[in-house]
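Since the structure comes first, as structure tokens, the remarks are kept for the end.
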There are 2 protein chains.
Amino acid sequence: MNTPTDPNLLDLFKTLGDAERLKIAGLLANEPLSLTELSQRLELPLNDVSNHLAHLEAQGLLQKEGDAYRLAAKALEQKARAVLAQSHPKVKSDDFEGDDYDRKILSSYIAVDGSLKSIPTQHKKLMVILHHIVKQFQPGIRYPEKQVNEILRRFHEDYAALRRYLVDNRLMAREKGEYWTL
Amino acid sequence: MNTPTDPNLLDLFKTLGDAERLKIAGLLANEPLSLTELSQRLELPLNDVSNHLAHLEAQGLLQKEGDAYRLAAKALEQKARAVLAQSHPKVKSDDFEGDDYDRKILSSYIAVDGSLKSIPTQHKKLMVILHHIVKQFQPGIRYPEKQVNEILRRFHEDYAALRRYLVDNRLMAREKGEYWTL
DNA sequence: AAATTAATTCGATGAATATCTAATTAATTT
DNA sequence: AAATTAATTAGATATTCATCGAATTAATTT
């Protein structure tokens with residue numbers, strides 16, 4: 001069962017993604033209205049309004065006052081925040097986990113946009129970087145070279161070098177122009 | 001033509017109200033991905049992903065980086081704010097317009113939740129209040145008494161008194177148990 | 001209690017649209 | 001330039017879901 005507070009974004013968007021329901025929400029944002037009043041204002045049959053209200057209510061978007069409904073602004077606010085939270089590219093936890101050394105290398109070589117400032121020459125540092133980069137590839141999927149290049153280019157324009165390093169160090173394998181992780 | 005910035009909430013909710021598109025948005029919130037990559041991750045045919053991306057793009061939700069897409073977090077943020085703005089019961093402009101005297105009376109008699117603190121005894125003050133209340137009724141609509149009571153009760157528990165005042169002062173008319181504004 | 005009105009529920013119809021197949025166009029690679 | 005691959009577009013099918021009609025239940029009024 002769905003509590004109104006659990007952020008099922010999909011259903012929320014679905015219920016708000018209907019013209020009539022959005023109108024209803026709009027009206028109820030400004031003034032409380034009863035079922036009958038809504039029906040009159042929108043010139044919509046009573047039963048349909050009732051159904052629409054049920055949808056909105058299921059999303060925890062309404063609060064009842066007597067027999068009038070009002071938009072639960074607080075609830076909506078929370079949900080809007082949930083959307084923002086999800087949309088903000090939170091640095092994935094495993095991106096910078098690992099030991100202190102790794103974290104230090106990563107943060108010094110990787111720019112805010114995720115790209116490489118430069119390719120390390122020291123082998124130990126290089127390995128840290130390569131292990132970070134190889135996470136971009138899904139295990140079990142075979143990537144054509146062109147796509148590998150695309151992905152690597154996001155890190156550094158010399159994608160060919162990165163590709164070679166990855167293979168040489170056995171982080172990825174290649175066969176007939178296809179690559180996969182090991 | 002719709003600029004991506006104009007807040008057409010309905011279309012926004014519609015595009016986000018599809019499971020696949022929401023997944024896509026979710027993925028692109030955390031990392032940039034190309035069309036092909038998305039297709040692989042979601043195990044969805046390429047052409048459909050292309051269409052979904054077109055939808056998202058039409059809402060100004062994407063920004064392109066090379067051939068990878070990323071969720072336009074800023075844009076989404078703005079839109080979320082737009083939602084909040086609409087949802088907040090902004091005191092309707094005409095609620096407190098009119099001359100200074102009216103405004104003064106209204107603000108002294110009407111509580112934050114819109115209800116009446118008390119019913120004025122002075123006729124002049126009463127008229128101000130009644131004119132404010134009568135705006136709750138749509139011109140041209142005939143309301144059964146029960147509904148009139150409901151609406152008036154939001155202002156004061158003695159809805160019968162309000163109803164009588166409204167009729168006596170010719171702000172509303174009644175016939176056979178139905179009321180309407182004049 | 002009977003009758004009226006309000007509100008919900010059920011089933012069927014229709015419209016919108018996601019999904020699928022196929023064809024077309026655009027871009028890259030050899 | 002030919003050929004391969006990537007991406008878009010077009011059309012057909014299927015599914016989802018709002019809308020409509022009616023019946024049912026619940027609540028108020030007389």
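Just so it is clear: chains get the letters A, B, ... in the order the sequence lines come, proteins before strands, and each one is counted from 1.
When Watson-Crick and G-U wobble pairs are counted only if both distances are under 3.5 Å, C:dT30 pairs with D:dA1. Under the Watson-Crick or G-U wobble criterion, with both distances below 3.5 Å, C:dT25 is paired with D:dA6.
The distance between atom CD of B:Glu178 and atom C1' of C:dT4, rounded to the nearest whole Å, is 14 Å. Between the CD atom of B:Glu57 and the C1' atom of D:dT8 there is a distance of 13 Å, given to the nearest Å. Distance CG (B:Asn149) to C1' (D:dT29): 13 Å, rounded to an integer number of Å. Rounded to a whole Å, the CG atom of B:Leu44 is 12 Å from the P atom of C:dA18. The separation between B:Gln40 atom CD and D:dT5 atom C1' is 13 Å, rounded to whole Å. Atoms CD (A:Glu20) and C1' (D:dA18) sit 9 Å apart, rounded to a whole Å. Here the C1' atom of nucleotide D:dT16 and the CG atom of A:Asp11 are 13 Å apart, to the nearest Å. Put simply, CZ on A:Arg21 is 9 Å from C1' on D:dC17, counting in whole angstrom units.
When each of C:dA6, C:dT9, D:dA18 is scored by its nearest atom to the side-chain atoms of A:Thr36, the top-ranked nucleotide is C:dA6. In this structure, the nucleotide among C:dT8, D:dA7, C:dA6 sitting nearest to the side chain of A:Leu35 is C:dT8. Listed candidates were D:dC20, C:dA7, C:dA18. Nearest to the side chain of A:Leu46 is C:dA7. Among C:dT8, D:dC20, D:dA7, the nucleotide with an atom closest to any side-chain atom of A:Tyr69 is C:dT8.
In this structure, A:His52 reaches the D:dT19 phosphate: one of its side-chain N or O atoms is under 4.0 Å from OP1 or OP2. For the OP1/OP2 pair of C:dA7 and a distance below 4.0 Å, the side-chain nitrogens and oxygens of A:Ser50 include no atom meeting the criterion. Contact check, A:Lys14 against D:dC17: a side-chain N or O comes under 4.0 Å of OP1 or OP2.
The two residues B:His123 and B:Asn169 come nearest to each other via the heavy atoms NE2-OD1, 3.3 Å. The shortest heavy-atom contact between B:Leu10 and A:Gly17 is CD1-C, 3.7 Å.
Side-chain atoms of B:Asn47 and base atoms of C:dT21 include a donor and an acceptor less than 3.5 Å apart.
Using modelled atom types, one side-chain atom of B:Ser39 and one backbone atom of B:Leu44 make a donor-acceptor pair closer than 3.5 Å. A side-chain donor-acceptor contact under 3.5 Å links B:Asp18 to the backbone of B:Glu20.
In this structure, B:Asp67 reaches neither bases nor backbone, as no heavy-atom distance under 4.0 Å exists between it and the strands shown.
Shown are B:Glu65, B:Lys64, B:Glu31; of these, the side chain to side chain contact (heavy atoms under 4.5 Å, CB included) with B:Arg70 is made only by B:Glu65.
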